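Remarks on the structure that follows.
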Amino acid sequence: MSELVVVAAAVLSFVLAACMIGRLRKQEGLAWLENRPQDVARLYLRHAADVDAYWLHVEFRDGRKRMVAAPWEIDETLRRLAPLGLRLSAQDREALARLN
């Protein structure tokens, strides 16, 4: 019984750590975007067929790419980035509108 508790605690710890690391990377990417919008090559959507939703990504001029918003955060994130001149392409905006 104690082995089961240890394994469950280890799995839970791993999942929690993975979630925290993912959130920190996303926040880091968004902070970089806000601080250095001139380094952004493009914002784009990537469709995830398994959940039928779009995730917001950014490609920097140096070739690095980051996910910056989950499907439920896209509208808020785009509003934050609009004053910086960062917007989706017309094609991506149409795709997002069709899904919503």
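Treat the numbers as computed from the prediction; the structure is a model and nothing was measured.
- Both Leu84 and Ile74 belong to a single network of hydrophobic side chains, linked directly or stepwise wherever heavy atoms of I, L, V, M, F, W or Y lie under 4.5 Å apart.
- By the rule that hydrophobic residues join a cluster once side-chain heavy atoms approach within less than 4.5 Å of another member, Leu45 and Leu86 end up as members of one cluster.
- Distance check: Leu81 CG to Leu56 CG gives 7.0 Å after rounding to the nearest 0.5 Å.
- For the pair Glu59 and Lys65, the tightest heavy-atom approach, listed with the atom from each and the gap, is CD-CE, 3.8 Å.
- Closest non-hydrogen pair, Asp92 versus Leu43, comes out as OD2-O, 4.0 Å.
- Residues Tyr44 and Val58 do not share a hydrophobic cluster, defined by chaining ILVMFWY side chains whose heavy atoms lie under 4.5 Å apart.
- By the 6.0 Å contact criterion, CD on Gln91 is open, its count of non-hydrogen atoms from other residues, nucleotides or ligands being 12 or less.
- Using cut-offs of 30° and 60° on the angle between ring planes, the pair Trp72 and Trp55 is perpendicular.
- Here Asp39 contributes atom CG and Arg64 contributes atom CZ; the two are 8.0 Å apart, rounded to the nearest 0.5 Å.
- Arg87 and Gly85 get closest at one heavy-atom pair: NH1-CA, 3.5 Å.
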Arg36/Phe60 under side chain to side chain contact (heavy atoms under 4.5 Å, CB included): CA gap, chis, key distance, verdict:
CA-CA 10 Å; Arg36 302 188 51 107; Phe60 295 102; over 6 Å; no
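- In this structure, CG on Leu78 lies 5.0 Å from CG on Leu88, to the nearest 0.5 angstrom.
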